[in-house]
Asks: 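I have a structure I would like to understand better, so I am pasting it below and will then ask my questions one at a time.
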2 protein chains.
Amino acid sequence: MPADAKPLRADAARNRARILTAGAQVFSERGPAASTEEVANRAGVAIGTVFRHFPTKADLLRAIMKDLLDRLLSDVDGLLRDSAPGDALFAFFTGLVAHAARQKTVVDLLAEAGSGLNVPDAVGRLERSVGSLLEEAQQAGTVRRDVALPEVMALLAAVCQGAVQGGWPPDLQTRTLAVVFTGLTPR
Amino acid sequence: MPADAKPLRADAARNRARILTAGAQVFSERGPAASTEEVANRAGVAIGTVFRHFPTKADLLRAIMKDLLDRLLSDVDGLLRDSAPGDALFAFFTGLVAHAARQKTVVDLLAEAGSGLNVPDAVGRLERSVGSLLEEAQQAGTVRRDVALPEVMALLAAVCQGAVQGGWPPDLQTRTLAVVFTGLTPR
DNA sequence: GGAGAACCTGAGTCAACGCTCATTTTACCG
DNA sequence: CGGTAAAATGAGCGTTGACTCAGGTTCTCC
């Protein structure tokens with residue numbers, strides 16, 4: 001990893017940031033099919049500027065998702081530090097679903113294969129983090145020992161997907177998660 | 001419901017059927033973004049013919065989904081008749097997920113809101129059918145009494161979504177469903 | 001078998017979108 | 001300041017995909 005090759009000019013850095021946040025908004029609302037021009041408009045720059053920073057629409061999406069991923073991973077760290085031992089996994093799960101219900105981009109991240117992009121090792125990094133949450137929960141006796149990482153990741157992705165596409169209201173989110181959590185808890 | 005207004009000419013009926021099955025294939029493989037022209041090619045007709053039968057791409061998608069829905073509902077009837085009492089819900093659940101993993105269209109049906117179409121009362125009809133499965137399962141003591149229809153529908157949609165987007169292999173499907181079923185079963 | 005309506009065909013229209021590039025503007029350094 | 005390279009601009013290109021329509025083909029019914 002070459003530490004960010006060249007320092008950007010002041011205006012360039014500002015515009016890059018604007019494009020990134022505008023893109024996060026637009027793609028969250030309209031899905032990944034939203035046009036690059038709309039991102040440019042919302043960012044208050046010309047289309048050419050967007051393409052100068054991200055030569056391809058896919059590059060733009062990748063960059064946005066990488067930001068999102070970094071934020072999620074630091075959430076996991078915070079949760080491991082702050083939650084009651086064993087509850088961190090459930091807290092992360094709940095938080096991610098609530099977040100996804102408003103930020104479609106989360107779903108695209110989890111569905112990487114579907115979206116055709118590939119954020120460098122996104123699933124790998126997320127998997128490792130969720131893995132540590134799972135392990136901690138199992139050691140604390142909050143989660144059954146015979147469930148493994150793949151199905152936890154699968155459920156995470158599935159429930160986020162569902163929450164987004166179906167526009168679940170908060171109470172449906174909690175009721176659905178209750179079933180899943182019951183399924184994960186030892187009897 | 002005006003009983004199919006006018007009888008189609010022989011060739012028209014044949015082409016309509018061809019377009020419908022070709023469309024089901026194409027949209028299953030490539031997703032709803034696949035081009036209408038590809039459907040026409042696979043059906044062996046000209047584009048104009050597709051648009052004569054379905055004035056809009058959305059109309060075509062709706063028609064395909066209605067077909068699919070009808071088949072699913074008759075599956076439910078069969079299951080209610082043939083399965084061990086109380087197991088029909090689980091059987092339908094498992095079958096639908098396996099089906100979805102190969103037929104993306106199932107997902108679009110469940111995600112109706114997301115796809116922007118609306119098959120006439122699709123969710124309503126499916127909900128009523130799954131509702132009877134649920135009620136039967138609860139009466140048989142196979143499913144907890146404090147879970148309600150909305151979260152069951154939500155889980156159904158979510159797991160199907162996940163299975164499609166993530167391309168879950170069969171064993172991951174069963175392991176994931178195991179967690180969900182445990183969550184639904186009384187302790 | 002023949003008239004006429006229903007149907008099929010496929011080149012073509014139009015709009016949307018990803019992306020380019022010649023020109024102009026702006027930040028930075030001495 | 002003035003010079004220069006980095007950055008921004010936005011009209012425009014090429015492509016793709018939904019949809020149309022004038023003209024040819026096929027079914028149907030007497």
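Numbered from 1 within each chain, the chains take letters A, B, ... in sequence-line order. Any value given below was found using the heavy atoms of this structure, including those in side chains, with hydrogens, waters and symmetry copies removed.
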Asks: Under a 3.5 Å distance rule, please check whether A:Glu136 uses its side chain to pair with a backbone N or O of A:Leu89 as donor and acceptor.
Replies: no
Asks: Roughly, in whole Å, what's the span from CZ in B:Phe54 to P in D:dG17?
Replies: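 About 20 Å, once rounded to whole Å.
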Asks: Closest approach to the side chain of A:Asp11, judged atom by atom: which nucleotide of D:dG10, D:dA8, C:dT9 is it?
Replies: D:dA8
Asks: Within this structure, what is the NE2-to-C1' distance between A:His53 and C:dT20, rounded to whole angstrom?
Replies: 16 Å
Asks: Would you indicate whether the side-chain heavy atoms of A:Leu73 and A:Leu69 approach each other to under 4.5 Å?
Replies: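 Side chain of A:Leu69 against side chain of A:Leu73, heavy atoms only: contact under 4.5 Å found.
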Asks: Figure out the CD1/C1' separation between A:Ile47 and D:dG12, and round it to whole Å.
Replies: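 Rounded to the whole Å, the gap is 10 Å.
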Asks: Should the pair A:Asp11-A:Arg14 be classified as a salt bridge under the 4.0 Å nitrogen-to-oxygen rule?
Replies: no
Asks: Between B:Gly48 and B:Arg9, which residue's closest nucleotide on DNA chain D lies nearer the 5′ terminus?
Replies: B:Gly48
Asks: Any salt bridge between A:Asp70 and A:Lys66, counting N to O under 4.0 Å?
Replies: yes
Asks: Compare the minimum distances between each of D:dC19, D:dA8, C:dC19 and the side chain of A:Asn15, then state the nucleotide with the smallest one.
Replies: D:dA8
Asks: Give one of base, sugar-phosphate or nothing for B:Ala34, where a contact means two heavy atoms less than 4.0 Å apart.
Replies: sugar-phosphate
Asks: Ignoring hydrogens and geometry, is there a side-chain-to-backbone donor-acceptor pair from A:Ser35 to A:Glu38 under 3.5 Å?
Replies: yes
Asks: Give B:Thr49 one of three labels, base, sugar-phosphate or nothing, depending on what nucleic acid heavy atoms sit under 4.0 Å from its own.
Replies: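 Contact class for B:Thr49: base.
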Asks: Over how many whole Å does the gap from B:Arg52 atom CZ to D:dC27 atom C1' extend?
Replies: 13 Å
Asks: Any side-chain N or O of A:Thr56 under 4.0 Å from OP1/OP2 of C:dC19?
Replies: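 Checking C:dC19 against A:Thr56, a side-chain N or O does come within under 4.0 Å of OP1 or OP2.
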Asks: Please give, in whole Å, the distance from D:dT15 P to B:Glu37 CD?
Replies: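 Distance check: B:Glu37 CD to D:dT15 P gives 16 Å.
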Asks: Need to verify one output field. Residue with the more 5' nearest nucleotide on DNA chain D, B:Pro55 or A:Ala12?
Replies: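 First, find each residue's nearest nucleotide; the 5'-ward one identifies A:Ala12.
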Asks: Between C:dC8 atom C1' and B:Arg18 atom CZ, what is the distance in whole Å?
Replies: 13 Å
Asks: Rounded to whole angstrom units, what separation is found between the CZ atom of B:Arg30 and the P atom of D:dG17?
Replies: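 Computing the B:Arg30:CZ to D:dG17:P distance gives 11 Å.
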Asks: So which nucleotide from C:dG18, D:dT20, D:dA7 ends up closest to the side chain of B:Phe51?
Replies: D:dT20
Asks: Taking only the side-chain nitrogens and oxygens of B:Thr36, find out if one of them lies under 4.0 Å from OP1 or OP2 of D:dA18.
Replies: yes
Asks: Counting heavy atoms from C-beta on, name the nucleotide in D:dT26, D:dA18, C:dC19 closest to the side chain of B:Ser35.
Replies: D:dA18
Asks: Nearest whole Å is fine: how far is D:dC27 C1' from B:Leu8 CG?
Replies: 12 Å
Asks: Would you indicate which nucleotide in C:dT9, D:dA18, D:dT9 comes nearest to any side-chain atom of B:Val45?
Replies: C:dT9
